[in-house]
*Asks:* 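Here it is, the structure, as structure tokens.
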Amino acid sequence: MTVDAVTPQQITVGVLALQGGVIEHISLLQKAAAQLSSQSSTPTPQFSFIQVRTAAQLSQCDALIIPGGESTTMAIVARRLGLLDPLREFVKVQHKPTWGTCAGLVMLASAASATKQGGQELIGGLDVKVLRNRYGTQLQSFVGDLRLPFLEEGRQPFRGVFIRAPVVEEIITTPTAGDDDEVTKLKTGNQVEVMGTYPKPEGTGEGDDIVAVRQGNVFGTSFHPELTDDVRIHTWWLKQVVEGLKSGGRDVQAQS
């Protein structure tokens with residue numbers, strides 16, 4: 001018997017409030033929720049957006065954004081607040097929709113290079129290795145036009161704000177000798193999808209830098225959508241949250 005998916009009536013989205021553009025994310029989430037409601041011909045969920053600083057607040061959330069900041073400091077503060085292990089459970093055990101921007105992408109990676117001495121703790125969830133501070137220091141911050149295929153075709157480029165931004169330097173796969181592609185996919189679960197790229201700086205190699213990825217319930221961007229007035233990515237992500245929760249989450253690849 002087939003059971004029809006049911007759209008949740010209420011969805012609570014948290015923004016981890018340890019550092020970064022917390023208020024900016026919440027502001028764009030509110031605008032995105034209003035846009036979804038105005039554009040939909042069917043009832044949409046009632047969204048609430050909260051700041052998350054404790055495990056109890058995290059437990060109220062159906063989805064989470066981890067904003068920018070300094071990833072080493074965020075990990076230390078999260079550990080001191082007793083949040084690091086609950087965050088790992090939220091992302092990797094409960095498989096709830098999670099989006100990391102800039103330092104949030106670093107936190108959600110399986111590995112990171114160019115870390116501070118002694119390394120840093122990560123949440124994980126994305127089978128990628130990130131390179132921190134790919135484009136240099138705060139003084140080398142910049143805004144660049146991004147063509148993101150998961151946004152509607154034919155629209156203007158997204159203006160990505162890059163501040164000491166990381167990039168994905170490696171997608172991690174761990175096939176066993178003799179495995180074919182299908183066996184490897186079954187072993188590793190949802191595969192990492194490249195959702196956006198940006199041209200590498202001149203003289204630093206061929207191809208493009210990977211600046212947006214998705215794997216199952218986890219989405220990560222190198223740049224800061226919350227520091228723009230462009231609501232498109234927040235609107236897209238809320239749609240993915242609704243679809244993921246409606247379908248039960250874990251093994252559902254949201255539709256672009």
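Because only heavy atoms are used, hydrogens play no part in the values below, and waters and symmetry mates are left out as well, while side chains stay in.
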*Asks:* W99: which residues meet the ring pair (Phe, Tyr, Trp, His ring centres under 6.0 Å) condition with it, sequence neighbours left out?
*Replies:* H25, F219, H234, W237
*Asks:* side-chain contact (heavy atoms from CB on, under 4.5 Å) with L18: which of V77, V52, I76?
*Replies:*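 It is V77; the other options fail the test.
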*Asks:* Looking at E24 and E226, what are the two nearest heavy atoms and their distance?
*Replies:*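 Shortest heavy-atom contact: CB-O, 3.4 Å.
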*Asks:* Are any of the side-chain heavy atoms of K96 and L64 separated by less than 4.5 Å?
*Replies:*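 No; the side chains remain at least 4.5 Å from each other.
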*Asks:* Determine, step by step, whether T12 and Q60 satisfy the side chain to side chain donor-acceptor pair (under 3.5 Å) criterion, reporting the C-alpha distance in whole Å, the side-chain angles of both residues, the deciding distance to 0.1 Å, and the verdict.
*Replies:* CA-CA 7 Å; T12 299; Q60 300 174 36; over 6 Å; no
*Asks:* Do T98 and I123 have side-chain heavy atoms sitting under 4.5 Å apart?
*Replies:* no
*Asks:* Looking at side-chain heavy atoms only, is the closest gap between T54 and L81 below 4.5 Å?
*Replies:*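 Sidechains of L81 and T54: no contact.
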*Asks:* Do Q215 side-chain atoms and D127 backbone N/O form a donor-acceptor pair below 3.5 Å?
*Replies:* yes
*Asks:* Do I65 and L29 make a side-chain contact, defined as non-hydrogen atoms from C-beta onward lying under 4.5 Å apart?
*Replies:* yes
*Asks:* Side chains of F49 and V13: does their closest heavy-atom pair fall under 4.5 Å?
*Replies:* yes
*Asks:* With a 6.0 Å cut-off (strictly less than), is the heavy-atom count around CD of Q9, excluding the residue itself, greater than 12?
*Replies:* no
*Asks:* Return the minimal non-hydrogen interatomic distance between I210 and T197, and the atom names on each side.
*Replies:* CA-CG2, 4.3 Å
*Asks:* For V231 and L28, work out which heavy atoms get closest and say how close.
*Replies:*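 Here V231 and L28 meet closest at CG2-O, 3.6 Å.
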*Asks:* Going by atom types alone, do T221 and T101 pair a side-chain donor with an acceptor below 3.5 Å?
*Replies:* no
*Asks:* Mind checking the CG-CG spacing from L151 to D230? Nearest 0.5 Å is all I need.
*Replies:* 7.5 Å
*Asks:* Examine distances only and state if a side-chain atom of S110 and a backbone atom of G124 form a donor-acceptor pair shorter than 3.5 Å.
*Replies:*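 Answer holds: no.
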*Asks:* Given the rule that I, L, V, M, F, W and Y join up when any side-chain heavy atoms are under 4.5 Å apart, are I50 and V91 in one cluster?
*Replies:*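 Yes, I50 connects to V91 through the hydrophobic network.
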*Asks:* Using only atom types and a distance under 3.5 Å, with no angle test, would you say the side chain of E170 pairs donor to acceptor with the backbone of I172?
*Replies:* no
*Asks:* Are Y198 and F162 close enough that their ring centers fall under 6.0 Å?
*Replies:*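 Ring centres of F162 and Y198 closer than 6.0 Å.
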*Asks:* For a side chain to side chain contact (heavy atoms under 4.5 Å, CB included) check, start with the C-alpha distance between V106 and Q120, then their side-chain angles and the critical distance, and finish with the verdict.
*Replies:* CA-CA 10 Å; V106 176; Q120 69 180 85; 3.9 Å; yes
*Asks:* Taking all non-hydrogen atoms of both residues into account, name the closest pair between C61 and F90 and its distance.
*Replies:*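 Closest heavy-atom pair between C61 and F90: O-CE1, 3.5 Å.
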*Asks:* With the side chain counted from C-beta on, respond yes when R88 and E121 share a heavy-atom pair under 4.5 Å apart, and no when they do not.
*Replies:*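 Side chain of R88 against side chain of E121, heavy atoms only: contact under 4.5 Å found.
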*Asks:* So which heavy atom on S141 is nearest to which on R164, and how close?
*Replies:* OG-N, 4.2 Å
*Asks:* Shortest non-hydrogen contact from M74 to P67?
*Replies:*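 For M74 and P67, the tightest heavy-atom pair comes out as CE-O, 3.5 Å.
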*Asks:* So how far is it from T72 OG1 to M107 CE, rounded to the nearest 0.5 Å?
*Replies:*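 If I round to the nearest 0.5 Å, the distance is 9.0 Å.
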*Asks:* Does I233 form a side chain to side chain contact (heavy atoms under 4.5 Å, CB included) with F223? I'd like the steps, not just the answer.
*Replies:* CA-CA 11 Å; I233 297 182; F223 51 96; 3.7 Å; yes
*Asks:* Determine, step by step, whether E169 and V128 satisfy the side chain to side chain contact (heavy atoms under 4.5 Å, CB included) criterion, reporting the C-alpha distance in whole Å, the side-chain angles of both residues, the deciding distance to 0.1 Å, and the verdict.
*Replies:* CA-CA 8 Å; E169 64 175 351; V128 300; over 6 Å; no
*Asks:* So how far is it from S222 OG to R132 CZ, rounded to the nearest 0.5 Å?
*Replies:*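 Taking OG in S222 and CZ in R132, the distance rounds to 13.0 Å.
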*Asks:* Begin with the C-alpha distance, continue with both residues' side-chain angles, and end with the deciding distance and a verdict on side chain to side chain donor-acceptor pair (under 3.5 Å) for T73 and Q19.
*Replies:* CA-CA 9 Å; T73 301; Q19 273 192 330; 4.6 Å; no
*Asks:* If we only count heavy atoms from C-beta on, is the R159 to D145 side-chain gap below 4.5 Å?
*Replies:*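 Yes - at least one pair of side-chain heavy atoms lies under 4.5 Å apart.
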*Asks:* Rounded to the nearest 0.5 Å, what's the gap from CG on L122 to CG on L87? Could you check?
*Replies:* 12.0 Å
*Asks:* Which is it for L126 and V168 under the side chain to side chain contact (heavy atoms under 4.5 Å, CB included) test, yes or no, and what are the steps along the way?
*Replies:* CA-CA 10 Å; L126 289 169; V168 172; over 6 Å; no
*Asks:* My understanding is that only residues two or more places apart in sequence, or in another chain, count here; which of them pass side chain to side chain donor-acceptor pair (under 3.5 Å) with D62?
*Replies:* none
*Asks:* Measuring from E89:CD to L58:CG, what's the distance to the nearest 0.5 Å?
*Replies:* 9.0 Å
*Asks:* Would a single hydrophobic cluster contain both I23 and L238, if residues Ile, Leu, Val, Met, Phe, Trp and Tyr are joined by side-chain heavy-atom contacts under 4.5 Å?
*Replies:* no
*Asks:* Measuring only between side-chain heavy atoms, which start at C-beta, is T44 closer than 4.5 Å to V242?
*Replies:*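 T44 vs V242: side chains apart.
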